[in-house]
Participant: 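One structure is given below, represented as structure tokens, and several questions about it will come after.
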Amino acid sequence: MTAYRRLFAFSNLSTLPFLVLVIGIAGYSWVQVVVMAFSHLRIEAGQFVWSAAGWDNFIAIMNNPLARYSIAVTAVFVAATVILSVAIGIGLALLVERSRRLARVSQIILLWPAIVAPVVVSLIWLLILSPNIGVLNKLLETLFLPSQDWLGTEIGALFAIILVDVWHWTPVTFLMIYTALCGLDGEAIEAARCDGASEWQVIRHIKLPMLMPAILGTVFIRAVMGVKAFDEMYLLTTGGPNNATTLVSLHIRDVFFDQLNYGYGSAFSVLTVVLLSLAIALVLAIRALRRSRFLNPMREANSQ
Amino acid sequence: MTGPTPNTVLPAAPPGRVRRRRLTGSQSLCEIALAGALVIFTAPILWMILLTFQTDRAIISMSWEFQFTVQNILAILSPDEPFRTQTLNSIAIVAGTVILCGIASTLAGYSLSRLRMNRWLKYLVAGSCAILPLLPPMALVPGFYVTLIQTGLLGSLTGLILLNTILNLPFATLLMKIGFDEIPPALQEAASIDGASDLRTFTTIMLPLVAPSLITTSLITAIMTWNEFLMGLTMTSGGTTSPLSVGIASLVQPYEVRWGQLAAIGSLAVVPIMIISLVASKRIIAGMTRGAVK
């Protein structure tokens with residue numbers, strides 16, 4: 001009786017709304033995705049008709065060059081945006097920390113790109129990059145430079161979505177690294193300055209190593225965000241030209257909602273999540289290995 | 001040897017001016033570089049706001065001409081266009097999501113932080129808080145789509161409120177847990193020694209103390225929901241049923257783009273959020289960094 005009452009105590013009951021929403025609805029929906037991934041699905045008279053498909057949908061993915069391409073181009077996109085946005089974010093954080101007059105205002109202004117709706121971000125950049133009305137071409141023409149048509153070429157479009165994503169999310173990397181930078185222990189930095197270290201040496205040998213945990217955390221978060229990317233590309237390039245910017249998310253939407261190929265779309269969702277989980281597991285495993293004393297006997301000595 | 005007399009003491013500089021010493025060479029280089037970066041990060045937004053007040057002819061023209069017209073704003077606000085309804089939809093979705101997410105995340109965050117709860121339940125809640133944000137929303141869309149069809153919520157505001165709540169709940173719960181962690185445990189102990197039940201301690205002691213965290217969480221949830229696009233796109237059929245973000249996207253047509261109106265509706269979606277950020281930048285930054293770092 002007491003065990004029964006304990007189960008319905010406030011401490012457990014208070015998680016009920018969370019459980020209903022996350023485990024109930026999201027969990028149930030995910031089960032549906034997995035079931036659909038192994039089914040052939042058709043709509044007949046407004047009703048779904050299910051039939052078992054085994055591995056058919058996954059075999060179809062293996063045989064689809066666009067599916068393979070979308071995974072590859074997503075990997076390129078993630079790598080490029082993570083490296084650029086984290087590097088620029090570190091640079092901005094160091095600049096803002098040194099700045100006297102612009103430090104306060106930078107924090108507010110640099111917040112703006114990150115809180116603008118992604119749809120509006122793509123709209124903003126359409127107004128800049130559009131070959132017909134974009135301000136970039138106006139600028140280039142005023143300066144007597146050749147005009148650009150990035151959105152019309154395959155490499156250019158890929159470059160454009162990377163640029164837009166970096167512009168959009170670098171403020172987040174800046175904020176995280178800047179917060180960590182402000183929380184650093186000032187003593188080591190002061191000591192290095194007293195010993196005559198130049199500003200560059202302080203950054204290179206003191207600040208960056210101390211920031212490493214925050215930087216790695218930011219890299220992780222940005223990488224996950226890169227895999228999720230959808231909104232900006234949907235408007236800016238719609239996956240084109242010639243599917244050159246068809247990221248994983250765009251491919252799933254296209255297959256599921258335009259081609260109405262529900263089984264294949266769900267299978268690709270499952271595959272994406274499996275690949276992402278493997279990547280995350282790999283990162284965690286490497287981290288665990290590097291932390292173990294077996295591979296890094298110097299660590300003990302350093303930490304003391 | 002007298003101390004400084006009142007005459008010789010300099011008037012206390014106002015706090016803002018204390019730091020305004022003359023800048024050294026490398027220092028001013030640093031300020032210039034930062035100013036350049038700020039221009040790069042703001043100019044695109046300001047350009048869109050500027051285009052809001054231009055006619056389509058001026059936007060298309062290859063020379064630099066500028067006018068001032070409010071025609072674009074009037075056009076998108078006219079009753080013939082769906083944007084008024086879509087704005088109301090977005091406001092309703094944001095309000096519903098903030099309330100639902102606020103209730104669920106406060107309760108769950110309190111249990112995680114403060115209460116001795118069932119161990120397996122704790123793993124379940126904490127685990128889903130960690131895993132759900134890692135999944136691409138697009139991977140869940142097929143499942144949500146079928147679930148909403150089965151429950152008859154496809155295309156409804158209720159459906160979108162539920163989905164937005166689910167997407168924001170793990171992060172919100174984490175923020176609320178951190179918020180409860182910061183309240184000194186002595187207060188809770190004092191209440192329970194005085195014989196208050198868990199529920200009573202929660203409503204009378206903890207809830208008022210955690211209000212600042214709840215405001216931060218609600219702000220972040222509201223911004224994320226206002227900006228949400230994917231669920232609105234896939235779970236509604238467009239037109240007057242969809243949120244504003246989807247309405248914006250529908251203005252980009254392959255053949256005839258109304259550039260000025262496009263800029264106007266973009267500004268309509270962005271300016272409220274920029275104003276909020278001026279007032280509450282500290283809270284937004286705290287919410288974004290605190291939740292992300294832990």
Side-chain angles (χ1 to χ4, degrees), chain A residues 10-12 14-15 17-18 21-23 25-26 28-30 32-33 36 92 95-96 98-102 106-113 115-120 123-124 127-128 133 135 138 141 175-176 179 217 221 224 227-228 230-231 235 249 252-253 256-257 262 265-266 269 272-273, chain B residues 19 30-31 33-34 37-38 41-42 44-45 47-48 51 59-60 103-104 107-108 110-111 115-118 121 125 128 134-140 142-144 146-147 165-166 169 198-199 223 227 229-230 234 245 248-249 252 259 262-263 266 269-270 273-274 277 281 285 288-289 292-293:
Chain A
F10 176 69
S11 57
N12 291 337
S14 62
T15 57
F18 182 97
L21 286 162
V22 171
I23 307 293
I25 301 180
Y28 175 75
S29 299
W30 178 245
Q32 300 269 33
V33 176
M36 276 193 284
L92 282 173
L95 275 180
V96 171
R98 276 209 77 189
S99 162
R100 295 229 173 83
R101 307 217 161 142
L102 294 171
S106 323
Q107 284 186 59
I108 297 176
I109 286 182
L110 284 178
L111 195 58
W112 285 347
I115 55 175
V116 169
V119 173
V120 180
L123 162 62
I124 286 172
L127 293 172
I128 293 173
I133 64 113
V135 68
K138 268 193 204 183
E141 227 153 89
L175 281 177
M176 290 189 197
T179 311
I221 290 170
V224 172
V227 178
K228 290 178 173 182
F230 172 79
D231 303 9
L235 257 198
S249 296
I252 296 177
R253 198 211 71 89
F256 197 87
F257 289 97
Y262 302 109
S266 306
S269 291
T272 308
V273 171
Chain B
R19 297 157 75 193
C30 163
E31 304 278 354
L34 186 57
L38 292 186
F41 278 98
T42 46
I45 304 176
W47 179 250
M48 175 183 71
L51 288 191
I59 296 173
I60 293 169
I103 294 172
L107 285 170
Y110 184 51
S111 296
L115 298 177
R116 222 183 294 151
M117 60 193 288
N118 184 304
L121 204 56
V125 174
S128 41
L134 299 181
L135 298 179
M138 184 46 103
L140 290 170
F144 285 145
V146 173
T147 307
T165 306
I166 291 169
L169 196 49
D198 277 350
L199 178 62
I223 293 175
N227 290 348
F229 174 68
L230 178 58
T234 51
S245 55
I248 296 173
V252 183
W259 296 104
L262 200 59
V270 162
I273 293 200
M274 281 165 87
S277 83
S281 67
I285 293 171
M288 275 161 71
T289 51
V293 171

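Throughout, a chain's letter reflects where its sequence line sits, starting with A, and its residues are numbered from 1.
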Participant: CG of A:Leu111 to CD1 of B:Ile223: how many Å apart, nearest 0.5 Å?
Facilitator: 7.5 Å
Participant: Would you mind telling me which of B:Leu140, B:Leu230, B:Thr165 has the largest number of heavy-atom pairs within less than 4.5 Å of chain A?
Facilitator: B:Leu230
Participant: Give, as side chain, backbone, both or neither, the part of B:Leu51 having an atom under 4.5 angstrom from any heavy atom of chain A.
Facilitator: side chain
Participant: Quick check for you: to the nearest 0.5 Å, what is the distance between B:Phe144 atom CZ and A:Trp30 atom CH2?
Facilitator: 10.5 Å
Participant: Working to the nearest 0.5 Å, report the span between CZ of B:Phe229 and CG of A:Asp231.
Facilitator: 6.0 Å
Participant: Would you say that A:Ile124 contacts B:Trp47 through its side chain, given a criterion of any heavy-atom pair below 4.5 Å between the two side chains?
Facilitator: no
Participant: Do the side chain of B:Asn227 and the main chain of A:Pro118 share a donor and acceptor less than 3.5 angstrom apart?
Facilitator: no
Participant: Please state whether the side chain, the backbone, both or neither of B:Leu121 comes within less than 4.5 Å of a heavy atom of chain A.
Facilitator: side chain
Participant: Ignoring hydrogens and angles, tell me if any N or O in the side chain of B:Asn118 forms a donor-acceptor pair with the backbone of A:Asn12 under 3.5 Å.
Facilitator: no
Participant: For residues A:Val120 and B:Ala269, report the shortest heavy-atom separation together with the two atoms involved.
Facilitator: CG2-CB, 4.0 Å
Participant: For A:Ile108 and B:Ser281, which heavy atoms make the closest approach, and how far apart are they?
Facilitator: CG1-OG, 3.6 Å
Participant: How far does CD1 of A:Ile109 sit from OG1 of B:Thr42, to the nearest 0.5 angstrom?
Facilitator: 5.5 Å
Participant: Tell me which of these, A:Ile23, A:Ile115, A:Ile25, has more heavy-atom pairs under 4.5 Å with chain B than the rest.
Facilitator: A:Ile115
Participant: Under 4.5 Å heavy-atom distance to chain B, tell me which part of A:Leu95 shows up: side chain, backbone, both or neither.
Facilitator: both
Participant: For chain A, which candidate among B:Pro44, B:Gly266, B:Ala108 shows the most heavy-atom pairs at distances under 4.5 Å?
Facilitator: B:Pro44
Participant: For B:Pro142, does its backbone N or O pair with a side-chain atom of A:Gln32 as donor and acceptor, under 3.5 Å?
Facilitator: no
Participant: Top residue by heavy-atom pair count (under 4.5 Å) with chain B, among A:Pro17, A:Ala26, A:Ser29?
Facilitator: A:Ser29
Participant: Relative to chain A, which segment of B:Val270 carries a heavy atom at a distance below 4.5 Å: side chain, backbone, both, or neither?
Facilitator: side chain
Participant: Quick check: closest heavy atoms across B:Leu135 and A:Lys228, and the distance to 0.1 Å?
Facilitator: O-CE, 3.4 Å
Participant: Go through A:Val135, A:Leu92, A:Val273, A:Val96 and name the one with the most non-hydrogen pairs under 4.5 angstrom from chain B.
Facilitator: A:Val135
Participant: With no hydrogens and no angle check, just 3.5 Å: does a side-chain donor-acceptor pair link B:Ser277 and A:Trp112?
Facilitator: yes
Participant: In terms of heavy-atom proximity below 4.5 Å to chain A, should B:Tyr110 be classed as side chain, backbone, both, or neither?
Facilitator: side chain
Participant: Given heavy-atom pairs under 4.5 angstrom as the criterion, report whether the side chain, backbone, both or neither of A:Val224 touches chain B.
Facilitator: side chain
Participant: Heavy-atom cut-off 4.5 Å, strictly under: side chain, backbone, both or neither for B:Ile45 against chain A?
Facilitator: both
Participant: If you take all heavy atoms of A:Arg253 and B:Thr234, which pair is closest and at what distance?
Facilitator: CG-CG2, 4.4 Å
Participant: Taking side chain as everything from C-beta outward and backbone as N, CA, C, O, which of these in A:Leu123 sits under 4.5 Å from a heavy atom of chain B? Side chain, backbone, both or neither.
Facilitator: side chain
Participant: Work out which heavy atom in A:Met36 is nearest to a heavy atom in B:Gly143; give both atom names and the distance.
Facilitator: CE-N, 4.1 Å
Participant: For chain B, which candidate among A:Ser266, A:Gly217, A:Pro113 shows the most heavy-atom pairs at distances under 4.5 Å?
Facilitator: A:Pro113
Participant: For A:Thr272, is it the side chain, the backbone, both, or neither that has a heavy atom closer than 4.5 Å to a heavy atom of chain B?
Facilitator: side chain
Participant: Indicate yes or no: at least one non-hydrogen side-chain atom of B:Pro137 is less than 4.5 angstrom from one of A:Phe230.
Facilitator: no
Participant: To check you understand the geometry: which heavy-atom pair defines the closest contact between A:Phe18 and B:Ala104, and what is its length?
Facilitator: N-CB, 4.3 Å
